[in-house]
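Written below as structure tokens is the structure these notes are about.
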Amino acid sequence: MASSMARIFSLPRSTTTTPISHLSLSKTRPFSTTTHDQLNLPSLHPSPDADQMSQLLLHHHNPYHPTESPLQLIGILLSPHLVHQTLIRLRNVSKIALSFFHWAKSQPNYRHDPAAYHLMIDALGKVRQFDVAWQLVIEMDNLKLKPSFATFGILTRRLISAGLTRQAIRAFDDMESFVEKETSRDEFRFLLDTLCKYGYVKVATEVFNERKSRFGVDVKMYTVLVYGWCKINRPKMAEKFFREMVDRGIEPNVVTYNVLLDGICRKSSLHPEERFERTIKDAEKVFDEMRERGIEPDVTSYSIVLHVYSRAHKPELCLDKLNMMKSRGICPTVVSYTSVVKCLCSCGRIEDAEELVNEMVGNGVSPTAGTYNCFFKEYRGRKDADRALNLYRKMRQESQQLPSVHTYNILVGMFVKLDRMEIVKEIWDDMKASGGGPDLDSYTLLIHSLCEKKKWKEACQFFVEMIERGLLPQKVTFETLYRGLIQSDMLRTWRRLKKKLEEESITFGSEFQNYHFKPYRR
DNA sequence: CTAGGGTTAG
């Protein structure tokens, strides 16, 4: 799988070093960072390109954005063409970033700090420009900026996320010739951890077995591997490594047990009641084993179980467990509370959920946007516009917890369906002002709803807008719009749209497959 | 970067 992915993504290598003369650096706005003023350095004047670049970079930093998913997760079918196009877009962004980086370096008395190099190396790694990234590492070394383990950590992470695990391991081995310090167990564990987090447990296990005698082993390392096998849904293998650890005389701790517990709970299906009961039984077994070893389950352990109850829509069991943990002297966190709130809301028990939020605030735990989103989802289901708006205004006024992009998306979806377009506009503007910006989901949601209402022209406007913001529409979005425009004889609008797509060299040919993705969570 | 938990879109 990994090799076929690599083939799909092996784009022609280009030297991204754009000559500085190609840049149009207007001197309109000063670059306002306090650090520059403090260090008495000349202020930088970014070009409009640089502004756009930073915006796009922000967009693509979003872990929920599909762009990175194909590079981070294996075993998912994505249209290679779509990925290719997206990568080209990202590539352009990193080109601008690199030009800016070089330009800044050429300013008198200005010198990038290692952090700047790290950002640049990270951005380049994202678009698989590893040759240029390596150049920067060498440049750091030449400038006596001392590439550190942080530098190699970033490079390694990007290599792994691109599926280039062998190169990542080589980079790890090369590290010692750059970094004065000898590679320690912590750093080796980071390599294993990153491999596991991106799903390459087999590679991690291989590397672990090869070098465990050199670095030595500890609980944390085994925990990483147990996590990895759980992540790819191989609980048996997770169990095997767990036992291996115990056999070696290494005592598992709370974290190890929680990783195992999460492995049992997270992926298990709860649909027929028996499966739910079996999962709970297995979870209880872990709890018992913990206590036998004299390890008290902590907040995380309980939060994992609360999540299962919440997924299974068992409000009573949720509340019981919550009370149980409190009686054992364990203070619930936002995470624990949010699971219960979600459960109560999804079971229609809004008042109880509200009461629980009051309780958590009383206990000094502040709700997050996600906590409130549970309420918004329920209000959306009930079409209760008034309560939704009340809560929304309350959130914005108290600014204790600002709405998240998800909050805006839920509300936009709700009010478009209710045909309250003036409110949609208000929320949309708020979202833009918040800086989290409309994301791919926001646009997709809005455009699809507008299409449903046959508001083709408006839908078209947003379609063009999202492209201009550097977001690549999904194939379905394009098709829906295309059909609508042709059917309602809006050929002029259609031609305008087509021109836009040509300008941006975006194509939605028949070779495109529908794709599904699940975001990788960092 | 440095072993673990929640919210979410279709």
Side-chain angles (χ1 to χ4, degrees), chain A residues 62-66 118 121-122 148-158 160-161 168 172 175 184-194 196-197 218-228 230-231 245 252-263 265-266 297-308 310-311 330 332-343 345-346 365 367-377 380 401 403-410 412-413 438-446 448-449 474 476-477 514-519 521-522:
Chain A
N62 182 352
Y64 293 101
H65 194 281
H118 290 173
I121 290 167
D122 196 44
S148 56
F149 181 66
T151 320
F152 281 86
I154 290 161
L155 193 61
T156 307
R157 199 168 69 85
R158 283 299 174 196
I160 292 170
S161 82
F172 176 81
M175 187 165 62
S184 72
R185 193 188 292 173
D186 285 349
E187 287 138 12
F188 181 55
R189 191 179 54 231
F190 171 74
L191 177 70
L192 294 180
D193 186 40
T194 312
C196 287
K197 284 207 169 93
D218 57 16
V219 220
K220 290 186 183 182
M221 237 178 247
Y222 271 105
T223 307
V224 164
L225 289 172
V226 171
Y227 175 90
C230 286
K231 190 181 163 60
M245 177 182 74
N253 58 27
V254 227
V255 183
T256 324
Y257 274 111
N258 284 342
V259 166
L260 206 58
L261 191 64
D262 192 48
C265 295
R266 180 186 288 275
D298 67 356
V299 228
T300 307
S301 329
Y302 282 99
S303 294
I304 292 165
V305 179
L306 282 176
H307 184 210
V308 180
S310 171
R311 278 207 297 143
I330 296 165
T333 62
V334 225
V335 179
S336 344
Y337 275 120
T338 303
S339 274
V340 184
V341 167
K342 188 196 157 211
C343 187
C345 281
S346 69
V365 181
T368 62
T371 317
Y372 290 119
N373 287 347
C374 305
F375 289 94
F376 285 120
K377 271 196 80 176
R380 184 182 58 185
Q401 184 51 62
S404 65
V405 183
H406 296 307
T407 316
Y408 293 117
N409 286 348
I410 295 168
V412 166
D439 62 358
L440 182 73
D441 289 333
S442 325
Y443 277 108
T444 308
L445 189 78
L446 185 63
H448 286 206
S449 308
Q474 291 177 16
V476 253
T477 312
N514 285 325
Y515 64 93
H516 304 279
F517 69 87
K518 280 227 178 279
R521 290 186 45 224
R522 264 181 270 241

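The sequence lines fix the lettering, A, B, ..., with proteins before strands; numbering per chain opens at 1. Being a predicted model, the structure only gives us computed values, none of them experimental.
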Nucleotide [N], atom [atom2] - distance to [atom1] of [X] in whole Å:
{"X": "A/H448", "N": "B/dA9", "atom1": "NE2", "atom2": "P", "answer": "15 Å"}
{"X": "A/M175", "N": "B/dT2", "atom1": "CE", "atom2": "C1'", "answer": "12 Å"}
{"X": "A/H406", "N": "B/dA9", "atom1": "NE2", "atom2": "C1'", "answer": "7 Å"}
{"X": "A/K220", "N": "B/dT2", "atom1": "NZ", "atom2": "P", "answer": "11 Å"}
{"X": "A/R185", "N": "B/dA3", "atom1": "CZ", "atom2": "P", "answer": "13 Å"}
{"X": "A/D262", "N": "B/dA3", "atom1": "CG", "atom2": "C1'", "answer": "13 Å"}
{"X": "A/F190", "N": "B/dA3", "atom1": "CZ", "atom2": "P", "answer": "10 Å"}
{"X": "A/Y372", "N": "B/dT7", "atom1": "OH", "atom2": "P", "answer": "17 Å"}

[X] (side chain) and [N] (base): donor-acceptor pair under 3.5 Å:
{"X": "A/S303", "N": "B/dG5", "value": "yes"}
{"X": "A/D218", "N": "B/dA3", "value": "no"}
{"X": "A/T368", "N": "B/dG6", "value": "yes"}
{"X": "A/S310", "N": "B/dG6", "value": "no"}

For A/R189, enumerate each residue passing the salt bridge (charged side-chain N to carboxylate O under 4.0 Å, His left out) test, keeping only those at least two apart in sequence or located in another chain.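 Once residues adjacent in sequence are excluded, the partners of A/R189 under the salt bridge (charged side-chain N to carboxylate O under 4.0 Å, His left out) criterion are A/D186, A/D218.
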
When all nucleic acid strands are considered with a 4.0 Å heavy-atom cut-off, which category describes [X]: base, sugar-phosphate, or nothing?
{"X": "A/D298", "answer": "base"}
{"X": "A/F149", "answer": "base"}
{"X": "A/S442", "answer": "nothing"}
{"X": "A/G153", "answer": "nothing"}
{"X": "A/V341", "answer": "nothing"}

Nearest 0.5 Å please: distance from the [atom1] atom of [X] over to the [atom2] atom of [Y].
{"X": "A/L192", "Y": "A/Y227", "atom1": "CG", "atom2": "OH", "result": "14.0 Å"}
{"X": "A/F375", "Y": "A/K342", "atom1": "CZ", "atom2": "NZ", "result": "13.5 Å"}
{"X": "A/S148", "Y": "A/E187", "atom1": "OG", "atom2": "CD", "result": "9.5 Å"}

Distance below 4.0 Å between [X] side-chain N/O and [N] OP1 or OP2:
{"X": "A/R311", "N": "B/dG6", "value": "no"}
{"X": "A/K377", "N": "B/dA9", "value": "yes"}
{"X": "A/R380", "N": "B/dA9", "value": "yes"}
{"X": "A/H307", "N": "B/dT7", "value": "yes"}
{"X": "A/R189", "N": "B/dA3", "value": "yes"}

ring-ring contact (aromatic ring centres under 6.0 Å, His included) against A/F172, all qualifying residues, sequence neighbours excluded: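 With sequence neighbours excluded, A/F172 shows a ring-ring contact (aromatic ring centres under 6.0 Å, His included) to no residue whatsoever.
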
Donor-acceptor side-chain pairing of A/S404 and A/T407 below 3.5 angstrom: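 Yes, side-chain donor-acceptor contact under 3.5 Å.
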
Taking the minimum atom-to-atom distance to the side chain of [X], which one of [options] wins?
{"X": "A/L445", "options": "B/dA9, B/dG5, B/dA3", "answer": "B/dA9"}
{"X": "A/K342", "options": "B/dG10, B/dT7, B/dG5", "answer": "B/dT7"}
{"X": "A/I410", "options": "B/dA3, B/dA9, B/dG5", "answer": "B/dA9"}
{"X": "A/T223", "options": "B/dT7, B/dG10, B/dA3", "answer": "B/dA3"}

